[in-house]
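Remarks on the structure that follows.
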Amino acid sequence: MNKNESKYFNTARLMDEAFLQLLAKKDYEYITVKEICLKAGVNRSTFYLHYESVDDLLRESVSYIERSFYEKFGAAGLNRIDMKSAGKEDALLIEPKYLKPYLEFIKENKDVYKLTITKRDLFGSVTAFNKMYGDIFEPALEKFGVSEEDKPYVFAYYMKGVLAIITTWIEFNCVRPIDEITDLIIKLTPRPKGFEKTSGITEKADENERK
């Protein structure tokens with residue numbers, strides 16, 4: 001990346017951060033380009049060099065926080081090489097050690113994620129998992145012998161269910177504790193044969209049945 005490119009991306013990052021800070025204090029509909037520029041320390045012409053509207057900045061800001069999460073995920077050692085060399089036990093991605101950091105991240109950025117729900121026309125079916133699919137999920141599916149032809153379908157089946165739970169959690173303002181949402185996802189997500197594992201919720205249910 002040359003100096004000009006670095007300056008361009010740094011300016012975009014400043015506007016992303018300024019927008020997210022404003023969003024924490026006021027409703028999206030009332031955030032103006034003038035406020036964003038003032039907080040980011042840029043002029044209006046610079047804003048319009050990067051974006052056509054605040055909606056464009058919103059899309060970019062969502063990408064920005066998702067990149068931040070992906071980098072955090074990668075820093076924890078979850079990358080393609082690790083997943084390819086991992087055992088099947090480590091390739092089970094619907095686990096507390098993977099779910100909790102993601103849910104914590106969602107809760108920290110719930111205001112932005114709420115907007116992605118209310119403004120589906122801007123985001124469509126795009127999710128945070130586009131890049132993570134190739135680096136993490138695809139090799140995990142390979143680990144369990146899922147064929148190339150079946151991978152996108154299996155991935156869609158698992159992730160649409162998980163995302164439906166997370167979307168509902170966001171709509172309820174992330175009030176329910178993360179541990180409970182983690183248990184619920186684990187309870188409701190089918191697991192490969194031989195790797196069945198009860199969550200806290202199912203353990204309680206089994207205990208109640210025995211009484």
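Keep in mind that the numbers below use all heavy atoms, side chains included, and drop hydrogens, waters and symmetry copies. All values reported here derive from a predicted model rather than from experimental measurement.
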Y153 meets the side chain to side chain contact (heavy atoms under 4.5 Å, CB included) criterion, sequence neighbours left out, with none

Pair T167-E171, side chain to side chain contact (heavy atoms under 4.5 Å, CB included): steps then yes or no: CA-CA 6 Å; T167 297; E171 288 173 341; 4.0 Å; yes

Flag the pair K114 / N173 as yes when at least one side-chain heavy-atom distance between them is below 4.5 Å, and no otherwise. yes

Could you grab the distance from atom OG1 of T182 to atom NZ of K187, nearest 0.5 Å is fine? 14.5 Å

Are any non-hydrogen side-chain atoms of H50 and T46 less than 4.5 angstrom apart? yes

Reported CZ-to-OG distance for the pair F47 and S53, which is rounded to 0.5 angstrom: 6.5 Å

Below 4.5 Å, heavy atoms only, C-beta onward: do E148 and K151 meet side chain to side chain? yes

Keeping the roles fixed (side chain from D150, backbone from V146), state whether a donor-acceptor pair exists under 3.5 Å. no

Does the side chain of M15 reach to within under 4.5 Å of the side chain of T11, using non-hydrogen atoms? yes

With sequence neighbours excluded, residues passing salt bridge (Lys or Arg N to Asp or Glu O under 4.0 Å) with K26: E35

Show your working on side chain to side chain contact (heavy atoms under 4.5 Å, CB included) between V54 and Y28 and close with a plain yes or no. CA-CA 9 Å; V54 178; Y28 173 73; 3.7 Å; yes

Pairing residues for D179 by the salt bridge (Lys or Arg N to Asp or Glu O under 4.0 Å) criterion, not counting sequence neighbours: K100

To the nearest 0.5 Å, atom CG of L103 lies from atom CZ of R176 at 12.0 Å

If you measure from the Lys or Arg side-chain nitrogens to the Asp or Glu carboxylate oxygens, is any gap between D16 and R13 under 4.0 Å? no

L49, F19: one ILVMFWY side-chain cluster at the under-4.5 Å cut-off? no

Flag the pair Y51 / V33 as yes when at least one side-chain heavy-atom distance between them is below 4.5 Å, and no otherwise. no

Atom pair CD1 (I166) and CD1 (I185), whose distance is rounded to the nearest 0.5 Å: 4.5 Å

Could you grab the distance from atom CG of L22 to atom CG of D27, nearest 0.5 Å is fine? 12.0 Å

A side-chain contact here means heavy atoms from C-beta on lying under 4.5 Å apart; do W169 and Y113 qualify? no

Any non-hydrogen side-chain atom of I181 less than 4.5 Å from a side-chain atom of C174? no

I need the Q21 CD to I36 CD1 distance, nearest 0.5 Å. 11.5 Å

